[in-house]
Trainee: 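The structure's right below; bear with me while I get my questions together.
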Amino acid sequence: MSETQAKAVTSATSIESVSQEQRVFPPPEDFAKSARVGSRAAYDALYKRSIDDPAGFFAEQARELRWQAPPQQTLEWRAPHARWFQGGKLNLSDNCLDRHTETWRANKAAIIWEGEPGEVRVFTYRELLREVCRFANALQSLGIRSGDRVGIYMGMVPEAAIAMLACARIGAIHSVVFGGFAAEAVRDRMNDAQAKCVITQDGAFRRGAVVPLKPHVDKAVEQCPTVEHVIVLERTHDPIDMKPGRDHRWSELVEKASAKHTAPALDAEHPLFILYTSGTTGKPKGVMHTTAGYLLGAYLTTKYVFDMRDEDVYWCTADIGWVTGHSYIVYGPLSIGATVLMYEGAPNQPDPARFWQMIERHRVSIFYTAPTAIRTFVKWGDQYPNKHDLSSLRLLGSVGEPINPEAWMWYRKVIGGDRCPIVDTYWQTETGSIVMTPLPGAIASKPGSCSLPFFGISPKVLREDGSEAGVNEGGLLVIDKPWPSMLRTVWGDDERFKQQYFARFPGKYFTGDGARRDADGYFWVMGRIDDVVNVSGHRLGTAEIESALVSHAAVAEAAVVGVPDAMTGQALVAFVTLKGHEKPSAALNAKLMEHVAEEIGKFARPKEIRFAEAVPKTRSGKIMRRLLRDVAQGHETKGDMTTLEDIGVIAKLRAHEEE
Ligand code: WT7
């Protein structure tokens with residue numbers, strides 16, 4: 001092959017990066033002074049050790065957990081199957097609870113919970129342990145045993161965390177289903193997991209209304225032959241049907257149960273939970289995590305990424321139904337003995353200042369949320385955060401999508417008072433815990449970049465042929481070494497696990513994301529590889545074009561998709577949501593086209609810009625580009641719609657189309 005041919009092949013398979021972002025924010029000096037990792041040199045040294053000698057590094061870190069029997073072998077890697085800490089025995093619930101109750105933390109607040117209607121409940125570590133023991137005994141009294149699968153379909157109530165910890169305590173494998181899902185989604189997930197028991201509540205308070213959960217479970221369980229028991233927490237006290245023999249009230253079960261329960265010693269690789277993730281297409285996959293490796297990942301990242309201290313009040317706004325809720329509301333923070341704020345409801349209930357009011361009321365010091373939420377706050381306007389005292393904040397986090405640089409700047413300035421570092425944490429349900437992020441006292445941030453890998457993580461950007469991409473050359477993001485909290489398999493379908501994650505580049509974990517690495521070694525995630533668009537031979541990640549649109553003062557949110565085009569192969573169609581006070585117009589449309597041309601180049605100018613009141617998102621807040629592609633082409637929508645947040649949004653987009 002001649003050199004020019006080789007080049008052509010490379011550019012046809014790599015993704016062109018068009019981002020122009022240059023700003024850099026070093027860690028604030030006073031933050032760095034007291035941080036666990038306080039300089040770039042300290043990070044570099046630790047990282048190097050973790051990669052040169054992962055077994056030694058993680059064996060040492062794992063000593064911070066409480067073991068009932070110490071591990072004999074740190075890692076056995078038979079690609080793609082990893083086994084960590086074999087021979088070791090421990091109990092995750094013991095690590096999160098019992099261990100702290102033997103110290104001064106017994107009377108420390110573990111969970112501060114605020115209901116949407118406004119009531120506050122506080123559980124100290126001792127109280128939380130008591131509730132978890134009671135519920136663990138209740139589960140055992142119903143015949144739930146180690147290895148049984150238990151579904152949890154609840155809202156954001158402390159009992160959801162109690163149920164998870166009780167399952168973990170007795171070795172039952174929990175599978176949390178987000179409370180916003182419909183009965184069909186519950187049914188499919190319970191059947192795939194062959195669940196024996198489902199834990200739910202009568203209803204959940206959300207946006208000033210009641211979401212009926214028990215009625216959904218009734219409908220789902222009719223078609224779930226393996227489910228023997230349904231446990232119902234009374235939250236809203238709405239009337240519900242109770243099927244004798246099958247259904248049990250939470251209050252009655254725990255009333256009879258003892259508050260003492262000895263945590264059994266479980267194998268390091270004992271399955272901990274299954275969490276279904278649909279990605280953006282196809283049948284949901286039951287991602288399976290196991291005990292010790294997962295716990296170590298959640299614990300270490302909480303310690304180093306959030307630099308968590310005993311004085312902190314930490315708030316992660318994710319739902320417990322997503323992996324973020326698992327790792328960074330429950331297991332990570334409780335394993336380190338932190339104080340966690342948990343909120344039941346919507347961010348605009350009773351008004352759009354609710355979050356800021358809560359930060360002021362509880363003196364929150366670490367706040368962790370998603371780009372989709374941040375863009376919504378931008379749209380609502382600065383007047384809401386500006387009304388409240390946010391001076392207690394010392395660290396901000398972002399997770400879930402690439403954060404648009406302008407949204408990052410707003411977050412830093414308006415919420416963080418230009419004082420708090422931001423950790424843009426890249427990870428996945430599959431990775432179990434954060435895999436790339438700045439460490440707030442050590443690594444300078446660049447808006448829109450998740451920066452550098454966490455300890456033990458070896459990410460690479462590859463071309464289709466498996467060779468490593470050059471500086472700033474977009475390619476496919478893989479992790480080429482095993483890490484403790486990686487998924488172990490897809491529940492009931494190991495073949496799918498191998499195909500999905502390890503077939504494209506044998507022996508290497510493929511994330512499904514596109515990324516590039518800049519001259520400083522910083523990673524820039526460009527979004528899902530399925531979302532790459534090819535315009536006149538330029539392969540573009542839609543996330544960067546969206547960020548260009550969001551950098552215009554009138555725009556709150558943008559979703560860009562590709563549609564077939566006779567001239568250019570594919571052409572870009574952009575759906576744009578404006579800030580509260582802005583109005584759509586032909587003039588603004590033309591201005592936005594020009595803006596993209598200026599920010600990126602003429603080739604990236606969308607063929608069409610459509611204004612929309614909102615763009616469709618998965619329930620975890622990711623833009624559903626697949627549906628928008630159909631809308632942009634005027635096709636009927638097809639495929640799995642259970643993950644769509646607001647189907648009405650599609651109808652509205654279609655109506656515009658027909659006007
Ligand atoms: C996908 C994983 C991880 C917890 C919540 C989502 C995207 C996530 C970032 C980030 C750029 C990000 C990726 C990833 N993603 N965080 N900081 N920067 N992209 O978990 O539902 O399994 O989604 O979310 O595309 O693959 P998930």
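FYI, side chains are in, hydrogens and waters are out, and symmetry mates aren't considered; it's all heavy atoms of this structure. Read the numbers this way: they start at 1 and go in the same order the structure lists the ligands and their atoms. Being a predicted model, the structure only gives us computed values, none of them experimental.
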Trainee: I'd like to know whether ligand 1 has K622 as a neighbour, heavy-atom separation below 4.0 Å.
Mentor: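 Yes; K622 lies near enough to ligand 1 that a heavy-atom distance drops under 4.0 Å.
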
Trainee: For ligand 1, which atoms, with element, lie under 4.0 Å from some heavy atom of D424?
Mentor: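 Taking each heavy atom of D424 in turn, ligand 1 has 10 (C), 17 (N), 18 (N) under 4.0 Å.
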
Trainee: So is D513 polar-close to ligand 1, meaning N/O to N/O under 3.5 Å?
Mentor: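 By distance alone, the answer is yes.
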
Trainee: With sequence neighbours excluded, tell me which residues meet side chain to side chain contact (heavy atoms under 4.5 Å, CB included) with A407.
Mentor: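 Testing A407 for side chain to side chain contact (heavy atoms under 4.5 Å, CB included), a comparison that skips the adjacent residues, returns I374, R375, I403, N404.
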
Trainee: Please determine if P402 has a nitrogen or oxygen closer than 3.5 Å to a nitrogen or oxygen of ligand 1.
Mentor: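 Between P402 and ligand 1 (N or O atoms, distance only) the closest approach is under 3.5 Å.
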
Trainee: Counting from 1, what ligand 1 atoms have a heavy atom of T324 closer than 4.0 Å?
Mentor: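 Result: 4 (C), 5 (C).
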
Trainee: Where does the angle between the aromatic ring planes of F273 and H174 fall among parallel (under 30°), tilted (30 to 60°) and perpendicular (over 60°)?
Mentor: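 F273 and H174: parallel rings.
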
Trainee: Looking only at heavy atoms, what is the nearest atom pair of G448 and W408, with distance?
Mentor: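 Minimum heavy-atom separation between G448 and W408: N-CD1, 4.0 Å.
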
Trainee: Considering only the protein, which heavy-atom contact is closest to atom 7 (C) of ligand 1, and what is its distance?
Mentor: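 The closest heavy atom on the protein side is G400 O, 3.3 Å.
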
Trainee: If we only count N/O pairs under 3.5 Å, is R528 in contact with ligand 1?
Mentor: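 The answer is yes, given that R528 and ligand 1 share an N or O pair closer than 3.5 Å.
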
Trainee: In terms of atom number and element, which parts of ligand 1 are under 4.0 angstrom from non-hydrogen atoms of V323?
Mentor: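 Heavy-atom distances to V323 below 4.0 Å select 4 (C).
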
Trainee: Can you pull out the closest protein heavy atom to atom 10 (C) of ligand 1? Residue, atom name and distance to 0.1 Å, please.
Mentor: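 For atom 10 (C) of ligand 1, the nearest protein heavy atom is E401 O, 3.4 Å.
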
Trainee: Does F181 have R189 sitting over its ring (NZ/CZ under 6.0 Å from centre, angle to axis within 45°)?
Mentor: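 Flagged: R189 positioned over aromatic ring of F181.
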
Trainee: So if I count the atoms of ligand 1 from 1 in the order they appear, which ones are less than 4.0 Å from some heavy atom of T425?
Mentor: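 Ligand 1 atoms under the 4.0 Å threshold to T425: 9 (C), 10 (C), 16 (N), 17 (N).
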
Trainee: Kindly give the heavy-atom pair with the smallest separation between I434 and Y328, and that separation in Å.
Mentor: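 Of all heavy-atom pairs spanning I434 and Y328, the closest is N-OH, 3.0 Å.
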
Trainee: In a check of salt bridge (Lys or Arg N to Asp or Glu O under 4.0 Å) between E473 and each of R516, R539, R463, which one passes?
Mentor: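 That would be R463.
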
Trainee: Output the list of atoms in ligand 1 that are nearer than 4.0 Å to some heavy atom of V525, sorted by atom number.
Mentor: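 With V525 as reference, the close atoms of ligand 1 come out as 11 (C), 19 (N).
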
Trainee: Under the rule for side-chain hydrogen bond (donor to acceptor under 3.5 Å, both in side chains), what residues qualify as partners of W483, not counting sequence neighbours?
Mentor: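 None.
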
Trainee: Of all the atoms in ligand 1, which lie at a distance below 4.0 Å from a heavy atom belonging to T429?
Mentor: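 Answer, ordered by atom number: 20 (O), 21 (O), 22 (O), 27 (P).
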
Trainee: Taking the non-hydrogen atoms of W427, is any one of them nearer than 4.0 angstrom to ligand 1?
Mentor: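 A heavy atom of W427 does come that close to ligand 1.
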
Trainee: We want to know whether E269 and T290 form a side-chain donor-acceptor pair, criterion being a heavy-atom distance below 3.5 angstrom.
Mentor: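 Indeed, the side chains of E269 and T290 share at least one donor-acceptor pair under 3.5 Å.
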
Trainee: Compare every heavy atom of E599 with every heavy atom of A548, then report the nearest pair and how far apart it is.
Mentor: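 Heavy atoms of A548 and E599 come nearest at CB-CB, 4.1 Å.
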
